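I have placed the structure first, in the form of structure tokens, so that the comments after it can refer back to it.
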Amino acid sequence: MEGGDPEPRDPGAAPASSLFNISMVKLHQSLRHVEPNLRHLVLVANTLRRMQDQMQREARGPDSPEAPSVVDSPAPVSDSRDSGLEPCRQPPSDSQGDDLLLSTMDTSISTILEDLGQVEVLSPARPEEEQPLAGASGARQEPARTSAPCLGPLELLSSASYLLEDGLEDIFEDIDTSMYDCDLWSPTSLSGFKAFSGAEDSDSKALAGAEDRLDMSDLDYLMDVLVGGHAL
Amino acid sequence: MQKKWVVFFGAFWWQGSNESLPSAEVVMFLKFSLRSIFYGAGGGGNDIQWCFSQVKGAVDDDVAEADIISTVEFNHSGELLATGDKGGRVVIFQQEQENKIQSLSRGEYNVYSTFQSHEPEFDYLKSLEIEEKINKIRWLPQKNAAQFLLSTNDKTIKLWKISERDKRPEGYNLKEEDGRYRDPSTVTTLRVPVFRPMDLMVEASPRRIFANAHTYHINSISINSDYETYLSADDLRINLWHLEITDRSFNIVDIKPANMEELTEVITAAEFHPNSCNTFVYSSSKGTIRLCDMRASALCDRHSKLFEEPEDPSNRSFFSEIISSISDVKFSHSGRYMMTRDYLSVKIWDLNMENRPVETYQVHEYLRSKLCSLYENDCIFDKFECCWNGSDSVVMTGSYNNFFRMFDRNTKRDITLEASRENNKPRTVLKPRKVCASGKRKKDEISVDSLDFNKKILHTAWHPKENIIAVATTNNLYIFQDKVN
């Protein structure tokens with residue numbers, strides 16, 4: 001049943017697969033815009049998550065409810081680029097396929113939104129803040145991340161991100177890095193920037209907390225991590 | 001049927017027991033009853049009969065994108081009506097001040113001023129064009145001869161001054177009447193220039209430009225009751241401005257998560273309380289409304305009150321969150337209530353009760369079974385606005401097929417009317433419309449499947465004092481009035 005027909009009495013019984021496809025298309029279309037409509041994007045992403053939960057529950061079926069292993073990885077962007085576009089839109093037919101698909105979806109959604117976080121860094125003059133952003137929420141622990149094998153949608157979605165890996169490099173081009181010359185500071189490892197943002201440690205947290213978060217550029221953050229987190 | 005008999009019986013009984021001729025009260029009662037009989041259950045709004053008054057805008061069906069109306073707002077006296085469109089223009093209509101005793105209807109609205117408020121801009125850093133579409137217009141209360149309004153697009157708010165010029169100086173010594181300069185040697189006498197009447201000229205000039213304070217798209221602006229400050233809200237932040245200061249604003253709400261991948265909620269609307277200058281509310285895409293007190297802290301991330309109605313488990317679906325997303329929030333004039341509009345309903349909240357609304361009105365419940373297709377064609381994301389009448393007794397909101405709905409809070413009656421050029425004879429009373437959800441369609445009813453979802457009424461406004469309403473279809477502005485006897 002396609003989305004065009006009226007919903008059955010129990011909306012929950014509508015085939016999630018067609019809704020899922022429609023939602024993925026919407027997400028993709030949303031990302032075509034340099035500045036996506038955030039409300040639309042968030043609502044579609046949340047709806048996708050709902051479907052994900054539903055599909056997870058259906059997939060597990062009679063099994064005892066286990067904690068979903070939906071852990072995301074800061075999968076270096078280069079990895080995702082390598083894998084070709086896979087037909088991950090096919091509704092999974094087995095539970096393993098489900099998990100693959102679902103963890104992918106979660107990664108994709110998270111990655112899209114994470115990329116949106118880059119918007120601010122390049123924005124024109126910010127309004128004057130009256131006080132430091134009261135620790136918008138103290139310490140937020142990132143969930144440990146593992147990479148998802150099926151990265152079709154991830155590739156599709158993140159490639160539409162307007163802040164590409166190359167763009168990031170350009171920012172750092174004219175910076176004198178001789179002081180921090182080490183293996184960590186090489187163009188290829190910059191692509192693992194997301195890995196840094198994922199692995200929080202108390203040192204970097206302390207440094208971050210001391211400043212007005214909104215004023216901190218990506219560069220400063222990276223520097224702090226490098227300087228403060230030798231143990232990495 | 002029963003109703004008719006009761007009414008007539010009542011009327012005759014009254015007549016028989018007092019004087020031989022019906023008193024004025026009886027006549028009124030009869031009129032009232034006859035109206036109810038002929039107009040049925042409709043007539044929401046104390047049995048107001050709504051009549052067509054005017055329609056503004058292009059007649060043809062081919063809608064130019066720039067002409068799409070994006071906001072409608074009456075000023076505080078109701079004399080002026082402003083509209084903003086997708087092309088960045090503001091058109092202000094002014095009500096004629098007629099002799100109301102002799103006229104059959106209230107004054108008509110005619111164009112008073114038209115100006116280009118916002119131009120498309122290009123953000124070079126992000127390589128994107130900033131739309132010039134006017135998202136909101138808000139009037140300032142009138143302090144002197146000039147009128148002021150705030151208009152905003154996605155990124156920039158502007159304060160416009162609209163002033164009249166009906167005199168001009170004449171009789172300069174060094175200038176001719178047409179502006180050419182005279183040779184000083186030809187000046188033999190001196191005179192003092194005097195002001196002489198001229199044809200009225202209305203000028204709009206931008207007095208303040210409030211820019212560069214919003215990373216995300218501005219969805220609301222609201223002027224504080226102190227008439228000195230105002231707030232602007234985008235998807236994730238709310239800023240407080242002083243009307244005189246353009247290079248600085250204070251961030252009072254910030255819901256941007258530290259990590260954007262944790263983003264699950266955005267701000268959809270915000271408004272200052274009409275009386276308490278320290279209080280404002282903002283609504284979210286998850287169907288919650290937060291009331292904040294600016295005295296509590298500089299950054300109002302912690303709400304004073306959280307208004308949320310628990311989800312109805314029987315109506316749960318994948319789309320529950322989307323349809324609960326609030327598209328508009330408006331305080332009542334009294335300040336005691338606030339109204340929210342989500343996709344299918346209008347809810348009235350008592351500010352003293354957070355756990356559920358005090359009244360809920362279904363706008364188009366027949367769409368609940370169509371959510372899947374409405375999701376597919378993106379209609380489910382349409383943002384309808386709502387408004388109160390001057391006495392807070394009736395609320396109004398738009399729907400599809402150019403229908404709009406009114407709910408009378410006292411009589412609990414509602415009415416559906418249509419904004420269409422078919423009924424465009426002045427003082428034609430609008431016929432109530434009805435949508436047939438399922439089953440056999442009665443005569444004059446419209447079935448859900450015949451509704452035109454491209455004809456949506458998102459913006460409506462109610463005159464602050466009188467029963468005059470402005471309803472915007474895609475590119476036309478309709479003005480309706482109640483029938484004046």
Side-chain angles (χ1 to χ4, degrees), chain A residues 1-7 9-12 14 16 18-19 22-23 26 33-35 37-47 49-51 54 72 109-120 122-131 133-137 140 142 162 197 213-214, chain B residues 123 125-130 154 211-217 219 234-237 239 247-252 254-268 285-286 297-299 301 315-322 325 368-373 375-378 380-381 383:
Chain A
M1 178 174 93
E2 279 308 293
D5 293 347
E7 266 188 318
R9 206 165 56 86
D10 174 12
S18 59
L19 282 177
I22 293 168
S23 304
K26 282 189 193 298
H33 302 114
V34 183
E35 266 193 348
N37 179 335
L38 216 55
R39 174 180 167 259
H40 186 270
L41 190 64
V42 161
L43 287 175
V44 171
N46 289 351
T47 307
R49 286 201 184 99
R50 263 194 195 221
M51 289 181 207
Q54 172 91 349
D72 302 334
I109 297 169
S110 304
T111 314
I112 297 159
L113 294 175
E114 187 179 48
D115 285 340
L116 289 175
Q118 311 299 338
V119 175
E120 199 114 30
L122 298 185
S123 283
R126 307 274 349 284
E128 176 183 303
E129 306 297 326
E130 256 307 79
Q131 76 293 329
L133 226 219
S137 27
R140 279 195 206 184
E142 285 286 304
Y162 49 87
S197 68
R213 197 169 307 184
L214 285 176
Chain B
D123 182 335
L125 212 46
K126 295 188 213 167
S127 277
L128 64 90
E129 205 175 82
I130 298 170
D154 283 339
N212 299 327
H214 285 279
T215 307
Y216 305 100
H217 295 173
N219 52 55
D234 66 27
D235 292 313
L236 299 179
R237 298 197 177 93
N239 293 332
D247 61 354
R248 218 182 326 156
S249 72
F250 298 123
N251 178 242
I252 52 177
D254 189 333
I255 64 167
K256 180 171 185 268
N259 300 304
M260 278 295 268
E261 66 260 29
E262 291 167 21
L263 180 67
T264 55
E265 195 174 9
V266 297
I267 296 171
T268 53
S285 55
K286 284 197 169 172
S297 71
L299 186 64
D301 271 357
N315 272 333
R316 209 167 227 215
S317 75
F318 286 133
F319 311 112
S320 295
E321 182 178 319
I322 300 178
S325 172
R368 194 179 287 274
S369 56
K370 308 282 180 194
L371 292 179
C372 216
S373 10
Y375 177 69
E376 206 181 349
N377 63 18
D378 268 351
I380 207 175
F381 298 101
K383 298 201 295 180

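Lettering of chains follows the sequences in order, A, B, ..., and the numbering in each one begins at 1. Keep in mind that what you see is a predicted model, and the values were worked out from it rather than measured.
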Below 4.5 Å, heavy atoms only, C-beta onward: do A:T47 and B:E321 meet side chain to side chain? no
Using a 4.5 Å cut-off on heavy atoms from C-beta on, say whether the side chain of B:K286 contacts that of A:N46. yes
Contact origin within B:E129 toward chain A - heavy atom pairs under 4.5 Å: neither
Between B:L263 and A:L38, is there a side-chain heavy-atom distance shorter than 4.5 Å? yes
Identify which part of B:S127 has an atom lying under 4.5 Å from any heavy atom of chain A, answering side chain, backbone, both or neither. backbone
Does any N or O in the side chain of A:R50 come within less than 3.5 Å of the main-chain N or O of B:F319, such that one atom is a donor and the other an acceptor? no
So, taking the atom named CD in A:E35 and the one named OG1 in B:T215, what distance separates them when rounded to the nearest 0.5 Å? 8.5 Å
What residues, two or more places apart in sequence or in another chain, satisfy side chain to side chain donor-acceptor pair (under 3.5 Å) together with A:S23? B:Y375
In the structure I gave you, are the side-chain heavy atoms of B:D378 and A:K26 within less than 4.5 Å of one another anywhere? yes
Quick one: does B:N219's side chain get under 4.5 Å of A:R39's, heavy atoms only? no
Where on B:L236 is there a heavy atom nearer than 4.5 Å to chain A: the side chain, the backbone, both, or neither? side chain
Tell me the closest heavy-atom pair linking A:L43 and B:S285, and the distance in Å. CD2-O, 3.8 Å
